[in-house]
Amino acid sequence: MTTSQLTQQIRQKKSFLCIGLDVDLNKIPKHLLETEDPIFEFNKAIIDATHDLAVCYKPNTAFYEAYGLKGWQSLEKTIHYLNENHPEIFTIADAKRGDIGNTSTMYAKAFLEDLNFDSVTVAPYMGKDSVEPFLQFENKHAIMLALTSNEGAFDFQTLEAHGKELYKQVLEISKTWKNSERLMYVVGATKAEYFTEIRKIVPDSFLLVPGVGAQGGSLSEVCKYGMNDHVGLLINSSRGIIYASAENDFAEKAREEAMRIQEEMSAILLNH
Ligand SMILES: O=c1ccn([C@@H]2O[C@H](COP(=O)(O)O)[C@@H](O)[C@H]2O)c(=O)[nH]1
């Protein structure tokens, strides 16, 4: 998917919500455990209940890999379901990959070709040759960790080297890489005060912003400092939406929470 198609969808739906599909079998309604594929059935119910309110879904692959072959099959069924029924929706494999070039090439094939996600998250630590293989696919994107939402982000990402914080160098240097127009960046909602500086370096790039909802980040603060002319934000909420209820009404409650966020986004877009 191109970024203009993504922006068009944002304008149509008045939403820049990304729903995280981080499925934990201990948290889903018990009756689903009796089905053949509880993870897929849970995801399908969430997608069916929320697809008009969200522009993006982000399964975090850890939650599938943890269940072995069955988990991977659930991930495959989920992305096929999205691609077949909602091809307009942007999809992210939150896998945080990155390795020496030939290995990254295989990761890229796995997520962008075989599973056919629109994008995959990557870690920048191994540098240019570890990220460029993810940028070789037309209309696909690598979403690189820049300033993450967790406390540990301050361990390395904000450290200064040569008079500049590491996350700023990651943003600046990555702009010089081949096909860098296919890059997007992860910036945590819990770091709202950093968005102004980040926008000085990557004014036009899409930012994937996790950390609202369960991690306490503020949607309005992120929008105030992080939004650009074409919106340029994908705000993720996972647990806050998908576990709004652990009872039989989970899909209905997920819709209510997604709608609450979408309405806040719609109001922000109206004044933008
Ligand atoms: O900096 C980061 C990068 C990735 N994540 C991931 O996003 C979701 C957030 O889930 P919530 O339940 O809404 O807190 C999850 O998959 C994380 O691994 C992040 O939180 N921060």
Side-chain angles (χ1 to χ4, degrees), residues 15-28 39 42-43 46 50 53-67 71 74-75 78-79 90-98 111 117 119-125 131 134 141-158 165-167 170-171 174 183-195 198 202 205-219 221-222 226 233-246 250 253-254 257-258 260-262 264-265:
S15 169
F16 40 102
L17 174 62
C18 172
I19 298 182
L21 300 173
D22 297 358
V23 188
D24 178 343
L25 290 181
N26 295 314
K27 290 189 180 166
I28 70 176
I39 298 181
F42 180 79
N43 283 347
I46 295 283
T50 57
L53 304 169
V55 295
C56 172
Y57 288 92
K58 181 182 80 63
N60 185 319
T61 59
F63 290 82
Y64 301 81
E65 291 170 71
Y67 298 113
S74 306
L75 178 66
T78 301
I79 183 65
F90 189 74
T91 54
I92 302 172
D94 191 359
K96 302 184 186 72
R97 299 299 149 106
F111 290 108
F117 276 91
S119 66
V120 57
T121 55
V122 298
Y125 198 67
V131 177
F134 294 96
H141 308 269
I143 312 184
M144 206 163 77
L145 300 178
L147 187 61
T148 55
S149 64
N150 58 327
E151 192 54 34
F154 299 114
D155 289 345
F156 299 120
Q157 296 163 23
T158 52
E165 292 107 310
L166 183 59
Y167 77 92
V170 164
L171 293 169
S174 66
L183 273 172
M184 299 179 179
Y185 300 94
V186 175
V187 183
T190 51
K191 309 284 189 305
E193 67 276 24
Y194 289 81
F195 275 81
I198 287 168
V202 286
S205 303
F206 260 93
L207 305 179
L208 169 64
V209 186
V212 298
Q215 295 179 54
S218 152
L219 171 64
E221 286 288 289
V222 168
L233 296 173
L234 291 170
I235 306 280
N236 179 83
S237 175
S238 307
R239 288 166 291 178
I241 292 179
I242 68 175
Y243 303 128
S245 160
F250 70 99
K253 294 290 176 200
E257 179 56 12
R260 189 192 64 71
I261 300 174
Q262 185 274 331
E264 199 179 336
M265 289 176 169

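Both counts, for ligands and for their atoms, begin at 1 and track the order of listing.
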SB check R97 E65 (cutoff 4.0 Å)
yes
Are the aromatic ring centres of H141 and F90 under 6.0 angstrom apart?
yes
Would K191 pass as a cation-pi partner of F154, given that its NZ or CZ must be under 6.0 Å from the six-membered ring centre and within 45 degrees of the axis?
yes
Would you say L75 and Y67 make side-chain contact, with heavy atoms under 4.5 Å?
no
Table of N or O contacts for ligand 1, cutoff 3.5 Å:
unit_1   : atom_1 : unit_2 : atom_2 : d
ligand 1 : 1 (O)  : S149   : N      : 2.8
ligand 1 : 1 (O)  : S149   : OG     : 3.4
ligand 1 : 7 (O)  : K58    : NZ     : 3.3
ligand 1 : 10 (O) : S238   : OG     : 3.2
ligand 1 : 12 (O) : R239   : N      : 2.9
ligand 1 : 12 (O) : R239   : NE     : 2.6
ligand 1 : 13 (O) : S238   : N      : 2.9
ligand 1 : 14 (O) : Q215   : NE2    : 2.9
ligand 1 : 14 (O) : R239   : NH2    : 2.8
ligand 1 : 16 (O) : D22    : OD2    : 2.6
ligand 1 : 16 (O) : K58    : NZ     : 3.1
ligand 1 : 16 (O) : N60    : ND2    : 3.0
ligand 1 : 18 (O) : N60    : ND2    : 3.0
ligand 1 : 20 (O) : S149   : OG     : 3.4
ligand 1 : 20 (O) : Q215   : NE2    : 2.7
ligand 1 : 21 (N) : S149   : OG     : 2.6

Can you confirm whether the side chains of T78 and Y57 place a donor and an acceptor under 3.5 Å from each other?
no
What distance do T148 atom OG1 and F156 atom CZ have between them, rounded to the nearest 0.5 Å?
11.0 Å
